[in-house]
2 protein chains.
Amino acid sequence: MASTPLFRRIDVAPAYQKVADAIEREIINGRIKPGEPIGTEQQLVEQFGVNRSTVREGIRVLEEGGLIRRDSSRRLQACLPRYNKLATRLSRALILHEVTFRELFEASMTLEVASVEGAVERATEENIRELADNLARSAEVVERPAALAELDAEFHVLMAKASQNRVLQLAREPAAQLFFPTTEMIVGSVPEGGARLVEAHRHLLDAIRRRDKAAGVLWTRRHLQDWRRGFEKIASLDRSVEHTYMEHAYAARQ
Amino acid sequence: MASTPLFRRIDVAPAYQKVADAIEREIINGRIKPGEPIGTEQQLVEQFGVNRSTVREGIRVLEEGGLIRRDSSRRLQACLPRYNKLATRLSRALILHEVTFRELFEASMTLEVASVEGAVERATEENIRELADNLARSAEVVERPAALAELDAEFHVLMAKASQNRVLQLAREPAAQLFFPTTEMIVGSVPEGGARLVEAHRHLLDAIRRRDKAAGVLWTRRHLQDWRRGFEKIASLDRSVEHTYMEHAYAARQ
DNA sequence: TCTTATCAGTTTGTCGGACAAAGCTAGATT
DNA sequence: AATCTAGCTTTGTCCGACAAACTGATAAGA
């Protein structure tokens, strides 16, 4: 057992970091609620007693972290970090770690199955309406791979939402962001690809309506296996989610 | 179909954002590899033709995003975003969204089971050694909840690593960061809690060694059910992962 | 020869002040 | 009352400056 230290540890974090930390603490522990204003840069300068440049560096950190944002008039306010934005960062990290489509597929299988199970158990009328609406729109664009791929991604987001489990929602998002953009290629290259996709969605929605978990899991598996078979016609599962592919997804998102 | 536009869209992003985007692009598409230097602030000032303050704001954005870091001498270099740094941000987001322990538990059950399945299939000798080492250390501190809780968290990280699936590794991390800190409280408040935990780990490692997937899944379920029963003695599963709890985890991490 | 001390040059973190552009406010005008 | 305008505020950017920390190399000492 060490003796009581004479001095406390010296805090050597740079000032901009301390500014960011101080504001973060206020938001995390709820003293500043999402939507509430943080104050102007000048006010922060006065409160913290540092230069405006320093405050601004701190603000950038928090902004990137998704804890604060600027409203329409560019004033600072606290906000709820959007899963989507964070997921984008994570997807980027996955790219840089050169994960393979096999890893992506395996993880997505787990996460999507869990989503469906949750959705079958807990989907609300509202959730079902949203899914039905998506299905109707999908049926209309079954011959247009780009539009269909987008609706497919949305369908699975809605499914995760219907599970009422926000942790799951967040956990599946990064993988989904990388996984689903390939749908367009696959649907386009497999005969009847679009029709099979819509049919799978129809069965999934049906399973949720009937609260039939086994059917939900079964059709999710089939749906993803379809994706996999399609993908393997185009490329190897063991190829990494490449930079070129990222550029594609990237350009499309902008 | 719209006619060809006369003008291209005007880019109105602030300069610091453009600086960040430009550097990010170079890293994402691999022209700058992880570990390579970005250059000094002065060099960036010259290359981009903007002020150093502007460059520094851009740097903060990338730093927080985990794309660049400063090495021992504070020089800038590209880096692979660390999962657990990103996961920390996600955990924070989950807190702010006031997710419940029930959501956390359900999602973790899915993710940990998937980890074990992967580990049983693909764990290397090295992975098994690490797990065995962790287990040995756990057995030594079975009576000290704080130390044991830490090793428990590590055990599950190692398990995810053994699954050889980096997507899964990343997906489970945010939930785990919120989930496992409660272990300390639970182990301390349940008689034989520590012993049960170590026993579960022993069976898990054994299942991996024998490549027995069913046993791995079974003991993972038991292990987490144990957590759940313990947790319910202390608090309701439907309580949100509260700010107070976050403060606890937060203080411990500093 | 090997280690240590020194010293000048870089680089980062911070500061103060400045200014144009965009937003906001409130009084003036129709 | 609705609209317009002028002034104030705030943000984004720039400039120049300086102390502290770090680098690298040279000089001094064992």
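So you know, we letter chains A, B, ... as the sequences are listed, proteins then strands, and number each from 1. In this text the structure is predicted, and so the values were computed from the model without any measurement.
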Between [atom2] on [N] and [atom1] on [X], what's the gap in Å once rounded to a whole number?
{"X": "B:Gln77", "N": "C:dT11", "atom1": "CD", "atom2": "P", "value": "16 Å"}
{"X": "A:Asn51", "N": "C:dG13", "atom1": "CG", "atom2": "C1'", "value": "11 Å"}
{"X": "A:Asp71", "N": "C:dA22", "atom1": "CG", "atom2": "P", "value": "18 Å"}

Using a cut-off of strictly less than 4.0 Å, decide whether [X] has a side-chain nitrogen or oxygen near OP1 or OP2 of [N].
{"X": "A:Arg74", "N": "C:dA22", "value": "no"}
{"X": "A:Thr54", "N": "C:dG13", "value": "no"}
{"X": "B:Arg70", "N": "C:dT12", "value": "yes"}

Are A:Glu173 and A:Gln169 packed together at the side-chain level, in the sense that at least one heavy-atom pair is separated by less than 4.5 angstrom?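 No, their side chains stay 4.5 Å or more apart.
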
Taking side chain as C-beta onward, heavy atoms only, is A:Gln177 less than 4.5 Å from A:Thr88?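 The answer is yes, as the side chains (C-beta and beyond) meet within the 4.5 Å cut-off.
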
Qualifying residues under side-chain contact (heavy atoms from CB on, under 4.5 Å), relative to A:Gln43, sequence neighbours excluded: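 Checked A:Gln43 against side-chain contact (heavy atoms from CB on, under 4.5 Å); matches are A:Thr40, A:Gln47.
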
Any salt bridge between A:Asp133 and A:Arg137, counting N to O under 4.0 Å?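 Result for this pair is yes, salt bridge flagged.
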
Can you tell whether the side chains of B:Glu57 and B:Arg60 come within less than 4.0 Å, N to carboxylate O?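 Not counted as a salt bridge, because no side-chain N and carboxylate O are separated by less than 4.0 Å.
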
Which two nucleotides bound the region of DNA chain D that has atoms under 4.0 Å from heavy atoms of chain B, read 5' to 3'?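 The protein-touched segment is D:dG12 to D:dT23.
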
Most 5' of A:Arg75 and B:Gln42 on DNA chain C, judged by nearest nucleotide: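 Counting from the 5' end, the first nearest nucleotide belongs to B:Gln42.
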
Pairs meeting criterion ring-ring contact (aromatic ring centres under 6.0 Å, His included) with involvement of residues 28-52 of chain B, two or more places apart: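 Passing the test, one end in residues 28-52 of chain B: no pairs.
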
What about B:Arg52: does its side chain form a donor-acceptor pair under 3.5 Å with the base of C:dG13?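 Such a pair exists between side chain and base.
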
Looking at every strand, decide which applies to B:Arg56 at a 4.0 Å heavy-atom threshold: base, sugar-phosphate, or nothing.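 The residue B:Arg56 makes base contact.
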
Nearest to the A:Glu57 side chain among C:dG13, C:dT14, C:dC15, which nucleotide is it?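 Among C:dG13, C:dT14, C:dC15, the one nearest the side chain of A:Glu57 is C:dT14.
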
